[in-house]
Amino acid sequence: MEETTREWCSSMVDNCEEVPTKEVIEFRPPLYKQRYFFVKNLVQQHKPKKVADLGFGDILNRLVLKDPFYVFCRSNLSPSVGDYLVPRDLDLTITLYRGSAVQKDSRLVGFDLMTCIELIEHLDSEDLAKFPEVVFGYYSPRIIIISTPNSEFNPLFPASTFRHLDHKFEWNRIQFQTWASDVANLYDYSVEFTGVGSPPAGAEHVGYCTQIGVFQKNEAKATESCISTPEEHVYETVNPCFQVLVDEIFFLQVFTTAYPSLQEKKNLLLVLSAEVLRASNSMRLRFIVDPKKKKVNGRLVPEDSCVPRYGLIVTDAQRAQIESSPKPYCVGKKFYVPLERLITFPKVNRLVDSVERLRSLLSEALKLNRDQSALQVDLHDHYSRTMLSY
Amino acid sequence: MHSPVAPGLCDPKTSSSSTKLLISRQRMGTDNSQSARPCGRRAWGGRPGPPATPPSHRRRAGARGRGRRRGGARGSLGPAPVTCHRPPRGGGGSGAVRAPRAARTQGLGAPTPAPPLPWPAGNMSGRARARARGRAPGPGATEVGRPSAAPSPTSVDTGDKEASSSSGFVGTSRVSQQCEDGISSGDAGCTFIERGGKIRRDVMDLGICTREKLAHVRDCKRGSSGVPVKLVTNLFSLDLPQNWQLYQYHVAYVPELESRRLRIALLYSHAEFSNKAKAFDGTILFLSQKLEDKVTELSSETSKGETVKMTITLIMELPASSPICIQVLNIIFKKIFKKLAMYQIGRNFYKPSEPVEIPQHKLSLWPGFAISVSQFESRLQFTADVSYKVLRNETVLEFMTGICQQTGMSCFAQMCEKQLLGLIVLTRYNNKTYRIDDIDWSVKPTHTFQKQDGTEITYVDYYKQQYDITLSDLNQPVLVSLLKSKRNDNTEARMAHLIPELCFITGLTRQATTDFQLMKVVAEKTRLSPLGRQQCLARLADDIQRNKYARFELETWGLHFGCQMSLTGRVLPSEKILMQDHVCQPVSAAEWSKDMRNCKILSARPLNKWLIICSNRDKNVAEDFLHCLRRAGSSMGFNVDYPKNIKVQENPAAFLSALQKHVDPDVQLVMCILPSNQKSYYDSIKKYLNSFCPVPSQCALTRTLNKQQMMMSIATRIAMQMACKLGGELWAVEIPLKSLMVVGIDVCKDDFSKDMVVVGFVASINPRITRWFSRCILQRTTTDVADCLKVFMTGALNKWYKHNHGLPARIVVYRHGVGDGQLKTLIEYEVPQLLSSVTEASSNISPKLSVIVVRKKCTPRFFTETDRSVQNPPLGTVVDSEATRPEWYDFYLISRAACRGTVSPTHYNVIYDDNGLKPDHMQRLTFKLCHLYYNWPGLISIPAPCQYAHKLTFLVAQSIHKEPSLELSNSLFYL
């Protein structure tokens with residue numbers, strides 16, 4: 001599943017633990033990535049539909065979109081060319097807000113997951129006191145992730161001060177866990193503690209460099225939270241920065257972008273036709289080179305199973321499934337692949353679940369035979385005419 | 001840069017023999033030139049925008065490490081040998097390391113990974129190995145243990161280290177529509193000229209002032225004859241206030257800051273800059289308003305509390321017409337286009353929101369624009385031309401799998417290279433484009449490479465860590481892309497290794513461009529009538545003017561985006577076609593085959609001893625055809641005797657052995673009736689008859705000759721071709737200049753070996769310009785610059801002397817196939833070659849020389865407005881003002897008809913002119929020469945000698961791959 005979270009663009013400068021050349025302790029992968037991975041794994045586990053990321057940004061705050069398949073991090077929220085080429089499975093909408101984490105905003109109610117990565121240490125005591133009421137009490141998402149530096153780790157760094165100039169505090173594990181447990185109790189959440197950034201050998205006692213609390217709403221309330229309609233998968237990222245720098249060049253306004261996905265018919269059609277053509281092409285080529293064919297009711301049917309040798313199939317089970325489906329055949333100079341066979345191909349099957357759906361989609365983009373039971377392609381296309389002659 | 005495979009509607013093989021072309025032309029109703037393309041090449045972009053190669057002599061020489069075979073000391077060209085870094089190989093070295101196929105993961109809902117192909121082992125065979133060897137460092141180049149380019153950026157700020165192999169500023173991060181982004185990537189994304197030395201190559205050409213040396217056109221380069229016609233263009237005027245200047249500053253930081261983003265952020269955080277129009281790349285700052293002091297000192301505090309001092313020093317004040325200023329304006333427009341939700345691919349901008357889908361060919365076309373700002377005759381102009389980007393839902397791995405299924409393993413590697421090299425791929429993980437320069441079959445994803453920080457990592461781990469991508473096929477080879485160095489040090493050629501699975505093919509493969517069905521669909525979807533094009537332009541102008549960010553950007557710079565420019569062109573008087581005993585005034589200059597029906601051609605040698613070779617099946621076809629051919633021949637005054645008929649089996653080898661058996665030097669011509677358009681038939685026949693046993697040959701497809709209802713017109717065309725191949729002359733136009741030799745030169749890359757170029761040279765050898773001398777050579781260099789012109793020119797002058805007993809008084813050379821940025825090389829290298837042979841030819845008065853660069857690809861478009869609609873301008877329209885360049889003696893000429901699409905004018909740039917012809921005469925001469933291509937009874941888009949040279953190089957590059965025999969040089973044997 002998908003999720004969104006945020007990158008500190010200024011992290012290279014601000015978070016000293018991520019500048020390896022100046023550091024004694026080096027994290028691999030870098031700590032900020034470990035935090036992403038952590039959130040990402042959690043998202044994959046819980047499959048939330050709406051995710052909010054409360055972040056802090058001083059000058060340049062950016063969002064990072066983490067797509068499970070390709071895009072890991074980038075400085076740009078808008079879909080890229082690649083996102084159009086390979087549409088996502090599900091819809092994704094990203095919305096960027098600017099506001100304050102300690103002021104209630106109704107737009108943030110109804111989320112499944114909220115992440116506050118390296119956020120609370122930037123809050124002064126007044127804001128920190130308001131924070132639980134807003135996030136836990138008012139927004140009340142199913143899961144909340146809060147991460148903050150572990151001050152016990154700091155002696156391992158050369159600099160003895162806070163890790164970031166704007167940090168109002170850096171807690172040790174007991175301080176954080178006490179605060180977190182109190183908050184969890186108050187708002188009926190359960191909390192588990194973990195972290196990222198393992199300490200070096202010999203210093204295991206200091207614990208993780210970044211400590212993380214994962215809060216889960218206790219079951220009784222959890223049922224109310226899921227309000228999205230099943231078809232609509234909206235992911236939302238919220239990035240309120242409470243230290244608003246008024247500067248026109250940043251135009252920090254609300255920003256929304258929607259990603260192309262297979263939920264849109266035109267995208268699905270293009271991807272599906274490509275897969276169907278790849279599958280039929282592989283069978284067609286097998287058919288051409290296969291010498292053994294017999295004539296059945298005017299159709300030229302191969303004796304071979306016409307299962308492609310390379311590509312497209314992974315497991316023996318899939319191969320067996322394809323073999324047991326109706327065989328392709330040839331009439332005149334046209335080659336026909338029954339839809340029932342096409343749908344057994346894993347990559348086709350992943351896109352559509354029934355022959356009926358396959359039929360209705362393909363009839364819009366490609367040529368089917370008269371009773372719409374099979375795909376029709378030219379037995380010899382341009383490629384096989386020219387390439388086979390080499 | 002001239003592409004050997006023109007993505008035209010016709011199969012190149014088809015177009016090799018014009019008989020077949022005739023059919024496709026008639027059926028499709030396309031235009032008249034050989035490579036008929038209704039919308040120009042960019043319509044379906046074989047590549048994103050113009051060719052994405054850096055100034056090729058430097059890079060190529062570096063990449064291949066090859067010595068160059070170029071005579072003469074030429075300081076300006078001599079490239080320093082560039083070291084080539086072979087990427088370090090991991091583990092198994094160059095042997096085939098078959099890694100276990102265990103690491104496949106199949107997530108729920110995740111796309112099913114493709115199972116591995118039985119990849120060819122690293123120890124490749126034959127040609128592939130030769131290729132790899134050929135690319136190893138040459139003499140003097142040392143292998144340096146410097147880390148190879150990481151296949152993709154390794155950290156956030158690699159944006160400026162990672163050179164994308166595509167053109168322009170593509171390597172830079174994209175500005176999103178998110179406004180805050182503007183501060184970093186928007187401005188920072190550019191390398192300015194001073195720093196990178198990377199001037200856009202077409203801009204580079206603009207700096208070459210050729211006109212000032214030509215005294216007779218210094219004041220006026222406009223012609224006078226013809227009827228004035230009002231034309232609308234695709235140029236938009238850009239108005240700047242009077243005395244507008246651009247101020248270039250250098251910004252220094254104390255202490256030095258590595259991060260470009262931080263440098264930009266610190267500078268921009270100063271209130272002084274917040275409302276100013278600015279472009280800043282971290283070092284060079286451009287402002288439209290001057291700062292108070294020459295040196296300004298500012299200080300800022302980073303979020304870490306460090307105080308940074310910035311010293312901003314004025315370096316230059318640039319007038320609006322300076323090349324740097326034009327480059328900055330181009331950058332500003334790039335920003336604006338990104339604000340219009342357009343995506344930059346290559347140099348162009350595309351709209352993904354309104355794609356044209358072609359599911360049956362797995363294609364998706366994005367509409368967009370090719371844009372540029374440049375200085376035209378009197379003012380700055382913004383040019384926009386409609387362009388479509390072809391995108392494919394196919395990774396290179398899937399494509400390779402397809403090839404494997406089609407060809408089997410035997411020639412799999414060879415086929416992959418043939419199809420893939422030169423293609424532009426898009427890597428989805430970082431959204432960059434690369435050009436595939438090679439495939440390294442010996443490197444697998446399980447091998448390691450050295451990252452920039454010196455650590456070794458396998459490709460698999462790298463993509464997992466960096467992008468969280470799991471590779472499914474651990475035995476796939478890697479694609480090699482040479483990276484352009486952004487800095488101007490030509491010491492390092494860096495390479496990037498790319499994983500096929502992660503690369504998406506953009507544009508059309510070579511195979512696809514020869515697919516008639518596919519190209520037809522693409523053409524239908526992309527072809528725009530002049531009206532449609534005009535509407536697109538109007539909408540774009542409207543979008544720019546309505547978008548508030550675009551408006552804001554333009555206003556702060558003081559720019560005013562004006563209206564579409566119109567200008568006055570002239571329609572040259574039409575030409576009469578001179579036949580043997582008849583002068584015909586064609587009804588339409590686009591095609592006059594009807595007008596000259598039953599007219600005798602100027603001269604023809606009778607065809608007495610000749611052969612027809614056909615397959616056993618095609619015996620009747622051959623007989624029917626012969627009957628028609630004789631009839632057609634006699635009506636045009638070309639006597640065709642009965643040939644010797646040879647029937648062979650239906651395979652290329654049988655044809656070839658028949659040739660070997662029956663062709664002797666007395667045979668005047670061989671006609672082959674080919675049962676299929678398999679390339680091997682055509683290639684083997686042409687190769688044998690052009691270089692081993694020089695006899696003119698004529699090929700025709702059975703399929704073509706089977707078309708009964710068109711038989712007579714086909715036979716007429718073939719008869720004409722045969723007459724030409726025997727040295728006959730078909731028609732002429734009136735040439736007022738006596739003793740004029742015209743020459744056409746074309747250069748294109750060999751289809752087989754990419755480091756060979758084919759140079760074709762065709763010169764007229766009679767004052768009537770009806771007989772031609774043709775030479776062609778293969779030259780081992782990758783710059784599209786000809787080496788052998790002196791020899792060719794001397795040869796042509798000797799021929800002329802032999803036929804005319806004297807030297808020509810004037811020589812006009814038309815040079816075709818010139819790429820962006822090559823103008824300077826041409827002037828410094830090719831013109832002197834021609835000049836020296838001309839001056840050496842005679843001791844007293846040597847012929848006067850003019851050299852004209854002919855380009856079919858140019859940005860301006862012209863339309864005529866007729867009662868609320870727009871149309872293509874009439875044939876013979878000349879534009880020599882406003883849309884031309886002030887520093888050149890140039891003009892545009894429309895000499896071809898476009899039935900459905902928009903016509904693109906041909907650009908002529910006179911770079912050398914001793915003849916001192918009046919511009920009017922030069923234009924009219926050029927127009928006359930467009931009538932003389934004997935393969936098409938009509939006007940063509942470029943002068944006939946250029947088209948002949950093109951046809952010749954095309955034949956050699958595609959089929960023969962060898963120099964044709966000298967014995968054929970007196971006839972148009974390649975038609």
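Just so you know, these numbers use all the heavy atoms, side chains as well, and skip hydrogens, waters and symmetry mates. Note on naming: letters A, B, ... go to the chains in the order of the sequence lines (proteins, then strands), and numbering restarts at 1 for each one.
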Separation between [atom1] of [X] and [atom2] of [Y], rounded to the nearest 0.5 Å:
| X | Y | atom1 | atom2 | value |
| --- | --- | --- | --- | --- |
| A:Asn281 | B:Thr401 | CG | OG1 | 11.5 Å |
| B:Ile358 | A:Ser273 | CD1 | OG | 11.5 Å |
| A:Tyr84 | B:Tyr343 | OH | OH | 4.5 Å |

Run the salt bridge (charged side-chain N to carboxylate O under 4.0 Å, His left out) test on A:Glu275 and B:Lys362 for me, step by step, so that the C-alpha distance in whole Å, both residues' side-chain angles and the decisive distance to 0.1 Å come before the verdict.
CA-CA 9 Å; A:Glu275 288 305 339; B:Lys362 302 177 236 173; over 6 Å; no

Passes salt bridge (charged side-chain N to carboxylate O under 4.0 Å, His left out), B:Glu398 versus A:Arg278? Steps please.
CA-CA 9 Å; B:Glu398 284 163 342; A:Arg278 266 195 277 277; 3.5 Å; yes

Under 4.5 Å from any heavy atom of chain B - which part of A:Leu85:
both

Kindly give the heavy-atom pair with the smallest separation between B:Gln360 and A:Leu366, and that separation in Å.
CA-CD2, 3.5 Å

Please name the pair of heavy atoms, one in B:Pro355 and one in A:Lys266, separated by the smallest distance, quoted to 0.1 Å.
CD-NZ, 3.8 Å

Mind checking whether B:Pro359 and A:Glu364 have side chains closer than 4.5 Å, heavy atoms only?
no

